[in-house]
Amino acid sequence: MNESKNFLKSQVQEDLEANKYQKIITRFPPEPNGFPHIGHAKSIFINFGIARDFNGYCNLRMDDTNPSKEDTKYVEALKDAVEWLGYEWYGDVRFTSDYFPKLYEYAIELIKMGKAYVDSLTEDEIREYRGSVTEPGKRSKYAERSVEENLDLFERMKKGEFVEGEHVLRAKIDMSAANMKMRDPLLYRIKNAHHFRTGDEWAIYPMYDFAHCLSDYIEGVTHSICTLEFENNRDIYDWVLDTLKLEPPRPYQHEFARLNINYTVMSKRKLLELVEGGYVNGWDDPRLPTIAGYRRKGYTPESILTFCDQIGVAKSNSVVDVSQLEFCIRDDLNTKVPRVLCVLDPLKVTIVNYEGEEEIDAPYYPHDVPKEGSRKLPFSREIYIDRADFEENPPKGYYRLTPTQPVRLRHGYIIECKEVLKDAAGNIVEIKAEYYPNSKSGEDTSGIKVKSAIQWVSALSAKEVEVRVYDRLFACEAPQGVEDINPNSLVVKKALIEPAVITQKPDVRFQFEREGYFYADPIDYTDETPVFNKIVSLKDSWGKKKRNSREKTKQQEKKVQIDGEVTPMTPEQEKLFERYTKELQLNTEVANTLARDSFLASFYEEALNELNSAVNLANIITNEVAREIKAQNSTELHFTPKQIAQLIAMVDEELISNKIAKQVFEEMAKTGADPKQIVEDKGLIQISDPAQIKPIIDEVIAANPQNVEKFKGGNKKLLGFFVGQVLKATGGKANPKMVNELVAQKLA
RNA sequence: UGGGGUAUCGCCAAGCGGUAAGGCCUCGGUUUUUGGUACCGAUAUUCGGGGGUUCGAAUCCCUCUACCCCAUCCA
């Protein structure tokens, strides 16, 4: 598996090291309102994977808070998917609906705290009152109801005394919050629908934002991992848990980018449209990116898991190329699956100089797959080969049978074309050929060199099978909907296959040599009418060559960036800028940053009172100090302008290098210690004596002969590498400028 | 227009101030009775653009740009 850590694993590791949790608990929490797709597989892989990696648990929880959409058939599909992928959830399957009583209690608690109220605005009014992204909302007059009234109303909501939409329970947070989600979010709504588990017991149902965080908490989840679109919901997640003052530890939410793959669609809505519109044959149609679809097509769980591992986990919206997935299934099947001969587009070949019949012993696996097994391949005078394996007027580079080019029948003899028979329309209907009796595979003494070996079947014993050749469902990379459907996404062929394959059971995979991997359809396959699904083609560098030569290579243009306008300075800022550039000789960029930030400016002025080192102070304040201020979100700073001045004084006196100054500053920001004290305690005084530095340089050079070579060969970037090594050896204390010069001299 | 995110090769993706990982794709080559596999090799002087700080910047600072998410009684 992938060794590099993703940000989620790093987070878990960090939390574990900080002793935040004793045991890691994650959860996979789908809403049972549709069939799981490969995006769910990614989530399953992440959640169960983290639990496995860190010796924890992963729960499977059905987030069933919306009875009008959910159904028990979906929970079965979800369970199947997890099991098929090889994971085991901890304990029983959980349901948010199991927590409805507990959730109700928490809601009452919030009401008692004055943090939740029953609102009786209409749906439209609620929307209107919420405001817009740029304008604040306004609070409902019902927010003023007393705790008693809220309690009474909420209980009656629960009892079913009201109709849908009459009341809702809302959190009392902030109607003018910049985060729209925090404008008094709804906690409960009245719904008369029948719930597939709790039946008609409840008249009210909790909203996602209320139920999810608390369900996580109830289950002892530590890391609540979800997709990017919930980033804005994190504030409510934290608000609910914090406001309720629950006993720690509590879970935290982390978001990652959902999976997208080109040439397909992933949204539930679009998938549903395809299924219900009859564009595909059900949720397990092999062209669909559903787990059931991939499974029916013949993908292995291992290949899906490998894929999930390869694509990684990050926060940028991305679209993974299908070829990555296709690679995974090819790679998995290559070492697992027997090779057999199947002719998809049969063309008759009569071997005129052959009489009788024979059986050829043919191994199931090629030389590079360490597996045993073989079968008998019947051979006779009449055989079939694939139409694509004969060309009367072959293009350049064609390796297969032509009127002048012999070819080997895989595992069998070399044949040569003698005559081409055509129908009235000019279509080739048969080939008369001759074979070389002394060219049999394994005992070939003919000395004839052929460029390829092709698949074939004997006419006498071949069986007709149905082969469903699937191609991508959509014709374009980023399909919008059914209008982009590839009309040839399914081609059903009557193919001819060698007899050994037919005695096999369904649910078995093969490689049809030179064609691809195929799967005996687990549902439609019978011995009388065998059906094979194409899983994926083999890599086809010949087909590609042909295609590429036809396609024009399009050149990509580099995008031109346009610079936007910068907001002008106020007169006061203008004045400061003037002073900084003219009087203090700061460069315009630094002066600009300082002048525009009043906090930084006053910090700078104060430091300037302590030390007359305008440029160096300005530099550290606009860069390092600014960063700390951002990180600490203002207020609680551990360092003062005076201390910064002391630090810079040491730099000015060349007691410490700039590099060390940054290190000292970080320490100051963390602990609030005095810069001089830090330098003293850690012995950070700069080493500027060449006599001390030179031996270290020699050591570094001696230890890295290849890099010395590379450097002398012209790789000047390596100078930085050597400087870095020397600095590392001295604990960062060597004067970097001097090291630079000395190293350059040494290596010159 | 407010808030929250994200930008590193054709596609994913490491990287957290000191030599731009890896996989897929692509292109060469070797082996091959699968135009498969395997194996070797090539492919980012540059990290969305522009500035700044530093001996040294993909990494720190400023700024601009592009894209995604948020105004369901969905999740």
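Naming: A, B, ... by sequence-line order, numbering from 1 per chain.
- To the nearest angstrom, C1' of B:U33 lies 11 Å from NZ of A:Lys449.
- In this structure, A:Phe721 forms no aromatic stack with the base of B:G18, since the conditions of centre separation below 5.5 Å and plane angle below 30° are not both met.
- Of the side-chain N and O atoms in A:Ser323, none sit less than 4.0 angstrom from OP1 or OP2 of B:C11.
- The side chain of A:Ala453 lies closest to B:U33, out of B:U19, B:C55, B:U33.
- Nucleic acid contact class of A:Leu409 (heavy atoms, under 4.0 Å, all strands): none.
- Counting any heavy atom pair closer than 4.0 Å across all strands shown, A:Val313 reaches sugar-phosphate atoms only and no base atom.
- Residue A:Val723 is in base contact, counting any heavy-atom pair closer than 4.0 Å across all strands shown.
- Side chain of A:Glu255 to backbone of A:Lys315: no donor-acceptor contact under 3.5 angstrom is found.
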message: Protein within reach of the bases, or only the backbone? For nucleotides 70-75 of chain B, mark each nucleotide 5' to 3' as B, S or -, using heavy atoms under 4.0 Å.
response: SBSBBB

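- Comparing B:U6 with B:A14, their P atoms are spaced 12 Å from each other, to the whole Å.
- Going from atom CG of A:Asn735 over to atom P of B:U54 covers 14 Å, rounded to whole Å.
- In this structure A:Asn232 satisfies the side chain to side chain contact (heavy atoms under 4.5 Å, CB included) test together with A:Asn179, A:Lys181, sequence neighbours excluded.
- Here, B:A44 and B:G22 have their C1' atoms 14 Å apart, quoted to the whole Å.
- When rounded to the nearest whole Å, the span between CG of A:Asn6 and P of B:G23 equals 19 Å.
- OP1 or OP2 of B:G35 has at least one side-chain nitrogen or oxygen of A:Arg514 nearer than 4.0 Å.
- Between the base of B:G23 and the side chain of A:Gln324 there is a donor-acceptor pair shorter than 3.5 Å.
- The gap from the P atom of B:G52 to that of B:C40 amounts to 45 Å, rounded to the nearest Å.
- Checking B:C25, B:C55, B:A13 against every side-chain atom of A:Ser318, the shortest atom distance belongs to B:A13.
- Picking from B:G17, B:G36, B:U53 the nucleotide with the shortest atom distance to the side chain of A:Asn619 gives B:U53.
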Protein-nucleic acid N or O pairs under 3.5 Å, nucleotides 40-47 of chain B:
unit_1, atom_1, unit_2, atom_2, d
B:U46, O4, A:Lys717, NZ, 3.0

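- To the nearest whole angstrom, the two C1' atoms, one in B:U43 and one in B:U26, are 9 Å apart.
- Taking 3.5 Å as the limit, the base of B:U33 and the side chain of A:Arg408 contain a donor-acceptor pair of atoms between them.
- A donor N or O paired with an acceptor N or O is found under 3.5 Å between the base of B:G35 and the side-chain atoms of A:Arg400.
- Evaluation of the salt bridge (Lys or Arg N to Asp or Glu O under 4.0 Å) rule for A:Asp444 yields A:Arg408 as partners, not counting sequence neighbours.
- When Watson-Crick and G-U wobble pairs are counted only if both distances are under 3.5 Å, B:A66 pairs with B:U6.
- Between the side chain of A:Ser140 and the backbone N or O of A:Tyr142, at least one donor-acceptor pair lies under 3.5 Å.
- For the salt bridge (Lys or Arg N to Asp or Glu O under 4.0 Å) test, residues two or more places apart in sequence or in another chain that qualify with A:Asp184 are A:Arg139.
- Here the C1' atom of nucleotide B:U32 and the NE2 atom of A:His367 are 5 Å apart, to the nearest Å.
- For the pair A:His411 and A:Val590, nearest-nucleotide mapping onto RNA chain B gives the more 5' position to A:His411.
- Between A:Lys546 atom NZ and B:G35 atom P the separation is 13 Å, expressed in whole Å.
- A syn base is found at B:U72: its glycosidic angle is within 90° of 0.
- Atom pair A:Met738:CE and B:C55:P shows a separation of 13 Å (rounding to whole Å applied).
- Comparing A:Asn715 and A:Asn740, the nucleotide of RNA chain B nearest to each residue sits closer to the 5' end for A:Asn715.
- A:Ser215 is listed as a side-chain neighbour of A:Arg61, based on a closest heavy-atom distance under 4.5 Å.
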Which atom pairs, one a donor and one an acceptor, fall under 3.5 Å between side chains of residues 704-728 of chain A and the rest of the protein, sequence neighbours left out?
unit_1, atom_1, unit_2, atom_2, d
A:Asn704, ND2, A:Val700, O, 3.0
A:Asn715, OD1, A:Lys717, N, 3.4

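- Taking the charged nitrogens against the carboxylate oxygens, A:Arg234 and A:Glu231 have no contact shorter than 4.0 Å, which rules out a salt bridge.
- For A:Lys315, taking side-chain heavy atoms from C-beta onward, the closest of the listed nucleotides B:G5, B:C27, B:C55 is B:G5.
- Distances were taken from every side-chain heavy atom of A:Phe327 (C-beta onward) to each of B:C25, B:C55, B:A7; the shortest belongs to B:C25.
- Nucleotides B:C74 and B:C60 place their C1' atoms 42 Å apart, quoted to the nearest Å.
- Considering only the side chain of A:Val319, B:C12 comes nearest among B:G17, B:C12, B:G23.
- Counting non-hydrogen atoms of other residues, nucleotides and ligands closer than 6.0 Å to CZ of A:Arg258 gives a total of 12 or fewer.
- Distance A:Glu654 CD to B:U54 P: 14 Å, rounded to the nearest Å.
- Residues passing the salt bridge (Lys or Arg N to Asp or Glu O under 4.0 Å) test with A:Glu515, sequence neighbours excluded: none.
- Taking A:His411 as the reference, nothing meets the ring pair (Phe, Tyr, Trp, His ring centres under 6.0 Å) condition, with sequence neighbours excluded.
- Aromatic ring orientation, A:Phe518 versus A:Phe512: parallel (interplanar angle below 30°, classes split at 30° and 60°).
- A:Asp64 meets the salt bridge (Lys or Arg N to Asp or Glu O under 4.0 Å) test with no other residue; sequence neighbours excluded.
- Contacts of A:Arg183 with the nucleic acid, taken as non-hydrogen atoms under 4.0 Å apart, are absent.
- For A:Asp368 and B:G36, a side-chain-to-base donor-acceptor distance below 3.5 Å is present, hydrogens and geometry of angles not being considered.
- No donor-acceptor distance shorter than 3.5 angstrom exists from the side chain of A:Lys544 to the backbone of A:Lys539, with no hydrogens or angles considered.
- B:A21 and B:C9: their P atoms are spaced 14 Å apart (whole Å).
- When heavy atoms are screened at a 4.0 angstrom cut-off, A:Gly442 is found touching base atoms of the nucleic acid.
- Between the CD1 atom of A:Ile385 and the C1' atom of B:U34 there is a distance of 15 Å, given to the nearest Å.
- Under the rule for a side-chain hydrogen bond (donor to acceptor under 3.5 Å, both in side chains), the partners of A:Ser68 that lie at least two apart in sequence or sit in another chain are A:Asn66, A:Lys191.
- Rounded to whole Å, the separation between the C1' atoms of B:C39 and B:U32 comes to 12 Å.
- Taking atom C1' in both B:C68 and B:U46, the straight-line distance is 26 Å, to the nearest Å.
- For residues 731-745 of chain A, no pair satisfies salt bridge (charged side-chain N to carboxylate O under 4.0 Å, His left out), with sequence neighbours left out.
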- request: Report, as a single string ordered 5' to 3', how protein heavy atoms within less than 4.0 Å touch nucleotides 60-67 of chain B: B base, S sugar-phosphate only, - not at all.
  value: BBBSSS--

